[in-house]
Amino acid sequence: MSGFTAGVIVFPGSNCDRDAANAWSELGCGEAKLLWHQDKDLQGVDIVIVPGGFSYGDALRAGAIARFAPIMDEVAAFAHDGGLVMGICNGFQIVCEAGLLPGALARNEGLKFACKHVDLRVETTSSPFTCTSEKGALLSIPIAHGEGRYVCDEATHAQLIAEDRILFRYANGNPNGAFDDIAGILGGPNRNVMGMMPHPERAIRAALGSADGAVMFESILATLAQAQV
């Protein structure tokens, strides 16, 4: 067991915070602390996970209110200083709303909630979140969202491509109409902030239908371990 600690943000309406914390500890990454949305202290954690769910009931739009939670000021400062931030599903929506990643998440094409396993293609391994994977690898990861259609303007899209910051694309079908099949992106000063709509914390062992999500946690663990050397 390593000594790395993940801080998992808990908003009213979060329903994947315990799953994310469990994945972190079950995979041997270390301790996971649950951090309340009104906290103003990250308690010295090594990585922040902004989990999926329905923060504040998705009032206004997904993530629009959570971005103003007191703890998000601490998350933003942590990210700007190079700390690892992992936004999953609603967490991806929140970090986009907070301006930590470019673009936005819109209602799914067809306006239907999507809940199923999808194939993701790893587009870059030059990241703290996929460094132990292989470029082009296909991962089976579940989705569960109604507002997961990634959108951005042409200039942002060109910049994402030029800077190799598209982390995942949907393969073998686009479940929500995301622009350019984008399922996850990178940002931050050191490629240290990521957002993705699928749920890797729900795919950490075969009994869950896939263990492919473990590679992201293993990559984070390898990155944190390397930083200690």
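Identified under the salt bridge (charged side-chain N to carboxylate O under 4.0 Å, His left out) test for residues 82-92, with sequence neighbours left out: none. For residues 76-87, no residue pair satisfies the salt bridge (charged side-chain N to carboxylate O under 4.0 Å, His left out) rule, not counting sequence neighbours. Applying the salt bridge (charged side-chain N to carboxylate O under 4.0 Å, His left out) test to pairs two or more places apart or on separate chains, those with a residue in residues 109-136 are R121-E123, E123-R169. The stretch residues 189-201 participates, sequence neighbours left out, in these salt bridge (charged side-chain N to carboxylate O under 4.0 Å, His left out) pairs: D164-R191. Residue pairs meeting the side-chain hydrogen bond (donor to acceptor under 3.5 Å, both in side chains) criterion with at least one partner in residues 13-22, sequence neighbours excluded, are N22-E26.
N192 is linked by a side chain to side chain donor-acceptor pair (under 3.5 Å) to nothing, counting only residues two or more places apart in sequence or in another chain. Contacts of E97 classified as salt bridge (charged side-chain N to carboxylate O under 4.0 Å, His left out), with partners at least two apart in sequence or in another chain: R61. By the ring-ring contact (aromatic ring centres under 6.0 Å, His included) test, H37 pairs with Y56, sequence neighbours left out. Applying the ring-ring contact (aromatic ring centres under 6.0 Å, His included) criterion to F68, with sequence neighbours excluded, gives no partner residue.
A 4.5 Å side-chain heavy-atom check between M72 and F11 finds at least one atom pair inside the cut-off. Looking at heavy atoms from C-beta onward, V8 lies out of side-chain contact with L35 at the 4.5 angstrom threshold. Looking only at side-chain heavy atoms (C-beta outward), H145 and N176 come within less than 4.5 Å of each other. At least one side-chain heavy atom of F168 sits less than 4.5 Å from a side-chain heavy atom of T130. Side-chain contact between P102 and T156 is present, with at least one heavy-atom pair separated by less than 4.5 Å. Looking only at side-chain heavy atoms (C-beta outward), F113 and R107 stay at 4.5 Å or farther from each other. In this structure, S210 and R205 have side chains that are not in contact, with every pair of non-hydrogen atoms separated by 4.5 Å or more. In this structure, the side chains of L84 and I220 come closer than 4.5 Å at one or more pairs of heavy atoms.
Linking Ile, Leu, Val, Met, Phe, Trp and Tyr residues whenever their side-chain heavy atoms come within less than 4.5 Å places L34 and V75 in a single cluster. I161 is not connected to F179 by any chain of hydrophobic side-chain contacts under 4.5 Å among Ile, Leu, Val, Met, Phe, Trp and Tyr, and they are in different clusters.
Side-chain N or O atoms of N174 include one that pairs as donor or acceptor with a backbone N or O of G177 at under 3.5 Å. Judged by distance alone, with hydrogens and angles left aside, the side-chain atoms of S25 form a donor-acceptor pair with the main-chain N or O of A21 at under 3.5 Å. A donor-acceptor pair is defined here as one N or O able to donate and one able to accept, closer than 3.5 Å; no such pair exists between the side chain of D212 and the backbone of A203.
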Donor-acceptor pairs under 3.5 Å, side chain of residues 38-49 to any protein atom, not counting sequence neighbours: which ones?
| from | atom 1 | to | atom 2 | distance (Å) |
| --- | --- | --- | --- | --- |
| D39 | OD2 | W36 | N | 3.0 |
| D41 | OD1 | Q43 | N | 2.7 |
| D46 | OD2 | T5 | N | 2.6 |

Result block: side-chain N/O donor-acceptor pairs under 3.5 angstrom for residues 222-229, not counting sequence neighbours:
| from | atom 1 | to | atom 2 | distance (Å) |
| --- | --- | --- | --- | --- |
| T223 | OG1 | P128 | O | 3.3 |
| T223 | OG1 | S219 | O | 2.9 |

Could you go through residues 87-96 and list every donor-acceptor pair under 3.5 Å that involves a side-chain atom there, pairing it with any protein atom two or more places apart or in another chain?
| from | atom 1 | to | atom 2 | distance (Å) |
| --- | --- | --- | --- | --- |
| N90 | OD1 | S55 | N | 3.1 |
| N90 | OD1 | S55 | OG | 2.8 |
| N90 | ND2 | Q93 | OE1 | 2.7 |
| Q93 | NE2 | E147 | O | 2.7 |

Determine, step by step, whether R149 and M197 satisfy the side chain to side chain contact (heavy atoms under 4.5 Å, CB included) criterion, reporting the C-alpha distance in whole Å, the side-chain angles of both residues, the deciding distance to 0.1 Å, and the verdict. CA-CA 9 Å; R149 179 167 58 91; M197 287 312 298; over 6 Å; no
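Checking Y150 against D180 by side-chain atom types alone, no donor-acceptor pair falls below 3.5 Å. Side-chain contact of T124 with S127: a donor-acceptor pair under 3.5 Å is absent, judged by distance alone.
In this structure, L208 CG and H199 NE2 are separated by 13.0 Å, a value rounded to the nearest 0.5 Å.
Across A171 and L138, no two heavy atoms sit closer than the pair CB-CD2, 3.7 Å.
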